[in-house]
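Scroll down for the structure; my scribbles are underneath it.
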Amino acid sequence: MGKKEVKAKQGDGECIFCKIGRGEIPCRKVLENDNFIVFYDVNPRTKGHCLIVPKKHFKTILDMPSSLYGEFLETAKEAAFKLLKEHRAEGFNLVLNNFEVAGQVVGHVHMHLMPRYKDDGFKLCVG
Ligand code: AMP
């Protein structure tokens, strides 16, 4: 809202997250603003697992302009407040996989937001 629209370095007509961002394929939306969309992951690792995704195509966080970093985290924060309340979660993890070797499957930058619950059994590799 009121934020300047950021131009992507490159577009990708076939990218599934670009299509979701353009509203061409459906998603279960959590929230949306000028530059980002947040929607539930189709394969949730915890209840309420969602993805924070820029509407423009950037492969990894290294391709995304730094001017968007603040809004990326602000959007994650807004989604976290919403999900903590709606799912009565007690905490959450934010995860960003960059490049295939680090587990990135979809080549369009996205941050995983995973609400956490006592004894949810989810194991994150770090920690
Ligand atoms: P990553 O391994 O970090 O690239 O994660 C990609 C994530 O995108 C996975 O958790 C998938 O379950 C999720 N995903 C793939 N396609 C869709 C889709 N159409 N809608 C929602 N989530 C998706």
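Counting convention: from 1, in listed order, for ligands and their atoms alike.
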Q) How does F17 reach ligand 1, if at all, at less than 4.0 Å between non-hydrogen atoms: by side chain, backbone, both, or neither? A) side chain

Q. Looking at F92, does the NZ or CZ of R116 lie under 6.0 angstrom from its six-membered ring centre and within 45 degrees of the ring axis?
A. no

Q: For ligand 1, indicate whether the residue V95 contacts it via side chain, backbone, both or neither (heavy-atom separation under 4.0 Å).
A: neither

Q: Flag the pair L51 / H112 as yes when at least one side-chain heavy-atom distance between them is below 4.5 Å, and no otherwise.
A: yes

Q) Of the backbone atoms (N, CA, C, O) and the side-chain heavy atoms from C-beta on, which set of V105 has a member under 4.0 Å from an atom of ligand 1: side chain, backbone, both, or neither? A) both

Q.
Quick check on contacts: which atoms of ligand 1 are under 4.0 angstrom from a heavy atom of N97?
A. 1 (P), 2 (O), 3 (O)

Q.
Check this for me - ligand 1, G103, N or O atoms closer than 3.5 angstrom, yes or no?
A. yes

Q) For ligand 1, is R28 a contact, meaning one of its heavy atoms is under 4.0 Å away? A) no

Q: With the side chain counted from C-beta on, respond yes when F39 and V53 share a heavy-atom pair under 4.5 Å apart, and no when they do not.
A: yes

Q. How far is atom 10 (O) of ligand 1 from its nearest protein heavy atom, and which residue and atom is that?
A. D41 OD2, 2.5 Å

Q. Judged by modelled atom types alone, do N98 and Q104 share a side-chain donor-acceptor pair under 3.5 Å?
A. no

Q: Considering only non-hydrogen protein atoms, determine which one is nearest to atom 6 (C) of ligand 1 and report residue, atom name and distance to 0.1 Å.
A: H110 NE2, 3.4 Å

**Q.** Numbered atoms and elements of ligand 1 in range of I16, under 4.0 angstrom, heavy atoms
**A.** 19 (N)

Q: Could you check which of V42, N43, V109 puts a non-hydrogen atom nearest to atom 23 (C) of ligand 1?
A: V42

**Q.** pair P54-F17: side-chain heavy atoms closer than 4.5 Å
**A.** no

Q: Record the part of Y40 in heavy-atom contact with ligand 1 below 4.0 Å; permitted values are side chain, backbone, both and neither.
A: backbone

(Q) Does the plane of the ring in H108 sit parallel, tilted or perpendicular to the ring in H57? Use 30° and 60° as the thresholds. (A) perpendicular

Q. Any side-chain heavy-atom pair from L96 and V109 closer than 4.5 angstrom?
A. yes

Q) Within the structure, does V106 bring an N/O atom to less than 3.5 angstrom of an N/O atom in ligand 1? A) yes

Q.
If we set the cut-off at 4.0 Å for heavy atoms, which region of I25 has an atom near ligand 1: side chain, backbone, both, or neither?
A. neither

Q.
Does any N or O of ligand 1 fall below 3.5 Å from an N or O anywhere on H112, backbone included?
A. yes

Q. Is E100 paired with K59 through a side-chain N to carboxylate O contact shorter than 4.0 Å?
A. yes

Q.
Count I, L, V, M, F, W, Y as connected when their side-chain heavy atoms are under 4.5 Å apart, and connections chain through other members. Are F81 and L113 then in the same cluster?
A. no

